[in-house]
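Everything on this sheet refers to the single structure shown next.
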Amino acid sequence: MKELPKAYNPRDVEDKWYQYWESNNFFHATVDKRKTPYTIVIPPPNITGSLTMGHVLNNTIQDILIRWRRMQGYEACWIPGTDHAGIATQSAVEKALEKEGLKRHDLGREKFVERVWQWKEQYGGTIIKQLRKLGASCDWQRERFTLDEGLSEAVKEVFVRMFEKGLIYRGKYIVNWCTFHQTALSDDEVDYVETNGNLWHFKYPIEGTDEFVIVATTRPETMLGDTAVAVNPRDERYRHLVGKNAILPLVGRKLPIIADDYVDETFGSGMVKVTPAHDPNDFLMGQRHHLEQVNIFDEKGYLNTSVPKQYVGIERFACRKQVVKDLEAQGYLLKVEPHTHNIGRCYRCHTIIEPYLSDQWFVRMKPLAEPALRVVQEGKIRFHPERWEKVYEHWMNNIRDWCISRQIWWGHRIPVYYASDGQLTAARDEHEARTKLGLDPGAPIRQDDDVLDTWFSSWLWPFSILGWPRDSKDLRYFNPTDTLVTGPDIIFFWVARMIMANMEFLNGEPRFDGKPRTKDEELVPFRDVYFTSMIRDLQGRKMSKSLGNSPDPLDVIEEYGADALRFTVAFLSPLGQDVLFSSDKCEIGRNFANKIWNAGRFLLMNKTELEGSVHDEEIEHVPEEHLDLADRWILSRLHHAVRDFNAALGEFHLNESSKILYDFIWHNFCDWYVELVKTRFYGDEPVDVKRVVLRRALWIFDRALRLLHPMMPFVTEELWQHLADRKGKTIMRAPFPTVDQRWIDQKTEDDMAFVQDVINAVRNIRGENNISPSKDITVQVRCADTARAAIVNTYGSYLKKLGRVSAIETLTTSVKPKLASSAVVNGTEIFVPLEGLIDLDAERSRLEKEIARLQQVLEGIERKLGNASFVERAPKEVVEREREKQASFKTNIEKLKANLVQLSS
RNA sequence: GGACGCUUAGCUCAGCUGGUUCAGAGCGCCGCCCUUACAAGGCGGAGGUCGAAGGUUCGAAUCCUUCAGCGUCCACCA
C-alpha cells in the first residue's frame, strides 16, 4: 500500500469519487417494490443563477437526508432540475440583446424565444454543474426543466381542467404593473420599500356651493382618474355633503360624494379621493358604488388619451410635477407635508409598481386552499420548525385569487384560443380548441399572447416530473415524496401551491400498489417540509451580490474541500435560526476531515505493521474476543451515537446530528480509544490478540465512516476504500449502522468515566505544576472500594500511557505521602509524589481552589436539603440523590483538606 | 398596525418535556509540548449573577407576564 499523505487533501480525491459514483449509476433510483421509496424533489434553481451559499445549505441538507436514507435501505431518489424563471431569464436575455443594440420586439416573439433557448443551453446548467462539486447525489437521469415537454403537457392539462371546472377566469382587475417589464406581477413579486415622499393636500370645489372638499394624496397625478370623493358614513362633519358632487379641478369631471366604511375619519381631513383604476382599495370601493373607472396610463406608464390633452403622452412622474404645478397655479393646492410610506417596487428591476387596471387570468384559490390548509392542520404534512404552520394558516385563511398571466414571451403560453368572433376556450392544442369552438380546420384562430406565471409550472413540480398526466409507474411509486427542503421565503409562492396542486390534481390517481388512494393521506406532495436557515454574514446582513459579502461556494470548496463546507454548514445550522457564516468557519470541517484522515492513517499503518501482507477482506462483524474496558466502552458509545444521530436527523436537527458525530469520532474514538488501543499495540500481548484488537478498531472505524458519510461523502469514501478490498463497491450503498442495544452498557460507561477522571486528575496535576510531558512521574492511589481497586489494577496500563506515568503504587494504609500533589475522584485519592519538583504554594492554592469549588456545590446541596419544603415536596428520588451527593462531596472535601494539612506540615 | 423569532463566555452558538457538579461546545486567549495518526495536533488553564423587572414553584437559563434591543414575515391608511 502506498503511503497516504500526512494531511488530507480534498483536491486529490473529490472529483475522482464523484465521477466513480456517477458513472456507476449509484445515484439512480428505480421502482423497486421490495423497498420503501424515499423521495426528495429539488427546489429547482433558476437557470439565471449560479450557486450561492443558500443553495449550498439547502442542497447539502437534501444530500445528507438522501444519502442517509439510501444507506438505510430506502430506494432513495433525489430528483434535480431547473426553473425557467420567466421574468428573470427574459430580462437577462434582453440585457444581452441590448449590447447588440436590439430589443425583443426587433426580433419578434418566435426569434426571441429561440434566443432564450440558446441562452439557456449555454448558461442554464451552471448551478447543476456546481452541485456536483458539492457532492450532491442527485439522480441526474431524471433531471427536468420547468419548460420541457413533459411539464408543458402537465401545465396545459391543469389549465384546461381548471378552466373547465370554473377555477380559472379572466377579469379586469387592479394588478401590480411593472412599467419596465410591462407585465403584471403577483402580490408576492412586489417588494415594499419605505420611502420618504410627500403628502399633497388639495381642495376640490363642491358643485353649486362655495364649499370645498379637502383630500390628500401621495400620488397627485392619479387625480386625473378620480371618479368620486368618499367620507365615512358616521362622520357628522360631512354627512350633509353625501349625495352632492365635487368638481375635479383640471378635468372638470363631476365626482359624486359617497359614504363608505373604508374611510378612516381620523386620518387627514377624513375625505378621500377615489381613483378606482389606480388604487386597489379605491377599486373595491368603486365596485361597491358602481363608480366609473378611468384608466389614465398606458402600459409604459405614460398618460393616455383619457386625460386632458395637455397631459397626454407625459411620463407618470413628470405628470405628477405638472399636475401639482397646475393645481397650485389655480389655487387648489393647500399644503405639502413630508410623508413616509411604503412604495411597491418590482422585485426584479425595482421599478415603482403602478396599480393598473387590466385584463388578466386568475385562479380561484379558495376552493384549493381549504383542503390544503386541512392537511397541514391535521398533521399529514409537518413543518419544521413548526411555527411556520401558523404563517401558512394565516395566509391560507386570507388567500386571494392568483393572477397567473404575465405579459412576457418566455414561459408557458396560456392555452386559451380565440375565434375571430371573440369566443374563447382553453384547450390542450389548437385542434382541440377548434373542436371546442366549433371552428372549421381553416378558420382563423388565435392563441392568447400572454404566458403563465413561472410558479404555474413550479407548483406542479412534485408530480409533473414523475410523468403526470400520463400514467406512470414512477409517479405511483415516488409520489407522495417525503421531504421538501426549502427556504421559508417561498412558503406562499411555492410550498402552499404545491400542496394545493397535489391535492387537486392527483385526486383519483391510483397508487403504485394499484389500490385507490385514500382520501387526503396519499394526496399530499410531501410529508415533511424543512425550512432552512437564512445564511447571513458575520454582521448579520443578508448575503447579496451588491454588498459583495457572499463568498463563492466554489472558491470555498477549492480552499477547504466540499466535505469541510458541507459539515460546517450542517454544524452551524440550528433548526429555524439564521446562520452567520464566513468561509473561515470551514476550518471546523476541514480540521475534522483531517482528524478522521489521520485516524484512518494510524489504523492503516498498524494494519501494515501487524498483518504484514495486508488482509483486504471485509470485516463483517465486530470481533468479540479479548474485549477490554475500552472496547466495551467505545462500542457502547458507538451505539449511542447511532441512536442519537438517527433521532436528531429524523427531527431535522442538523447541527445536533453533526455534533454527535464530531464528539464521537473526535472526543471518544480519537482522544481516548485510539490512544488506549496503542497500549495494546505497543504492549506485550501476543500478536494474534493484537490483530483482533486491530480488526475491531478497523470495524469500529468503518462504522464511524458510514455514519459520517452522508455529511462528508468524499473523505469517508476515500478512507473506506483503503480499509479493505472494495473494488466496485461504494460506501454510499453500504448499510448504515444500526443500533444494537446489547452493546449499550451503563456500567461500562461508568467504569470508563472513573478511569478517565483519574487520568484527568493526573493530567491536571501535571499541567498545573508545569511538569514537562517528557518527565516520567509515579502515582500512588488509595481506592475508595475494591471495585475501583480492581479497575485500577486491571487498567493501570491506561493510566500509564495516557497519564505518562511510569509506575502505579496502590496504598493500603491511611498514611499520606509527603510532598505529593493530590486529587480525589469519587473518594479515590490520587497522589503524585513530586519531591524536588513541587511548588508548594502553587499546589496549596490549587487544592484550596478545588476545595472552594466543591464547597460551593456542597453548600448549594445543603441549602436544598435544609429547606423543609424541598424535602417534603420534591420527588423522593431527587431528595435521595441530593443526599448521596452531599455525602460524596463531604468525603472528597475532607480528604482534600487533610491533604492540604499534610502539605503544610 | 398585526404575527412570529432572537438576546447565554471576547466572538459564533448548544442547552428538547423545570431537578444527574447545568452553566456547556467551537473559535479566540494564556501556559506546557513537534510524545513514532494528526501543530489543521496533544495536554492543562482563565473567561458568563443565562437581555431587564416581576411572577409561578420546594426548585427557573428552561414555564408565565411586562419592558428594552435586534431580526423576519404579513398588511399597507389616502
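Protein chains get the first letters and strands the later ones, always in sequence-line order, with residue 1 at the start of each.
Between the side chain of A:K595 and the base of B:C38, a donor-acceptor pair under 3.5 Å is found.
Ring geometry for A:F592 against A:F567 counts as tilted: the plane angle lies between 30° and 60°, on a 0 to 90° scale.
Nucleotides B:G10 and B:C30 place their C1' atoms 14 Å apart, quoted to the nearest Å. Remark: the separation of the P atoms in B:U35 and B:A25 is 27 Å, to the nearest Å. One P atom belongs to B:A61, the other to B:U17, and the distance between them is 15 Å to the nearest Å. Between the P atoms of B:G31 and B:A68, the separation comes to 46 Å (whole Å).
A:R853 comes within 4.0 angstrom of a nucleotide base, judged by non-hydrogen atoms across all strands. A:P488 comes within contact range of no nucleotide atom at all, as no heavy-atom separation falls under 4.0 Å. Within 4.0 Å of A:R766, counting heavy atoms only, lies no atom of the nucleic acid at all. Across all strands shown, A:E768 has heavy atoms under 4.0 Å from sugar-phosphate atoms exclusively, and none from any base. Nucleic acid contact class of A:N867 (heavy atoms, under 4.0 Å, all strands): sugar-phosphate only. Within 4.0 Å (heavy atoms only), A:V579 reaches no atom of the nucleic acid at all. Contacts of A:F889 with the nucleic acid, taken as non-hydrogen atoms under 4.0 Å apart, include base atoms. When heavy atoms are screened at a 4.0 angstrom cut-off, A:N606 is found touching no nucleic acid atom at all. Residue-level contact check: A:A216 touches the backbone only, with heavy atoms under 4.0 Å from sugar-phosphate atoms and none from bases. Among the protein residues, A:E859 comes within range of no part of the nucleic acid, since none of its heavy atoms lies under 4.0 Å from any strand. Within the 4.0 angstrom heavy-atom criterion, only backbone atoms of the sugar-phosphate kind lie near A:K585; the bases stay farther away. Within the 4.0 angstrom heavy-atom criterion, no nucleotide atom of any strand lies near A:W200.
In this entry the distance linking CG of A:N770 with P of B:C33 reads 8 Å, nearest Å. Here the P atom of nucleotide B:C4 and the OH atom of A:Y392 are 19 Å apart, to the nearest Å. In this structure, A:K203 places its NZ atom 24 Å from P of B:A78, rounding to the nearest Å. Taking atom CG of residue A:N591 and atom P of nucleotide B:G42, one finds them 9 Å apart after rounding to whole Å. Taking atom CD of residue A:E656 and atom P of nucleotide B:A14, one finds them 11 Å apart after rounding to whole Å. One atom, CG of A:L654, and another, P of B:A14, lie 13 Å apart when rounded to the nearest Å. One atom, CZ of A:R601, and another, C1' of B:A39, lie 13 Å apart when rounded to the nearest Å. Here the C1' atom of nucleotide B:C74 and the CD atom of A:E393 are 15 Å apart, to the nearest Å.
Looking only at distances, no side-chain donor or acceptor of A:N594 sits under 3.5 Å from a matching main-chain atom of A:R590.
For the pair A:K335 and A:E337, the salt-bridge criterion is met [side-chain N within less than 4.0 Å of a carboxylate O]. Salt-bridge check for A:E675 with A:K678: passed, with a basic side-chain N closer than 4.0 Å to an acidic carboxylate O. Between A:E768 and A:R846, none of the side-chain N atoms (NZ, or NE/NH1/NH2) sits under 4.0 Å from a carboxylate O, so this pair counts as no salt bridge. A salt bridge does not link A:D776 with A:R804: every distance from a Lys NZ or Arg NE/NH1/NH2 to an Asp or Glu carboxylate oxygen is 4.0 Å or more.
With a cut-off of 3.5 Å on both Watson-Crick or G-U wobble distances, the partner of B:A75 is given as none. Across all strands shown, the partner of B:G26 is B:C11, judged by Watson-Crick or G-U wobble contacts whose two distances both fall under 3.5 Å. Nucleotide B:C6: paired with B:G69 (Watson-Crick or G-U wobble, both distances less than 3.5 Å). The partner of B:G54, taking Watson-Crick or G-U wobble pairs whose two distances both stay under 3.5 Å, is B:C64.
Minimum atom distance to the side chain of A:P773 is reached by B:U35, of the listed B:C76, B:U35, B:A40. Candidate nucleotides B:C58, B:C77, B:G44 were compared by shortest atom distance to the side chain of A:Y262, and B:C77 ranks first.
Residue A:S772 is the one, among A:Y8 and A:S772, whose nearest nucleotide of RNA chain B lies closer to the 5' end (criterion: closest heavy atom).
In this entry the base of B:G47 is syn relative to its sugar, with a glycosidic angle within 90° of 0.
The closest side-chain donor-acceptor pair between A:T679 and A:K800, if any, does not fall under 3.5 angstrom.
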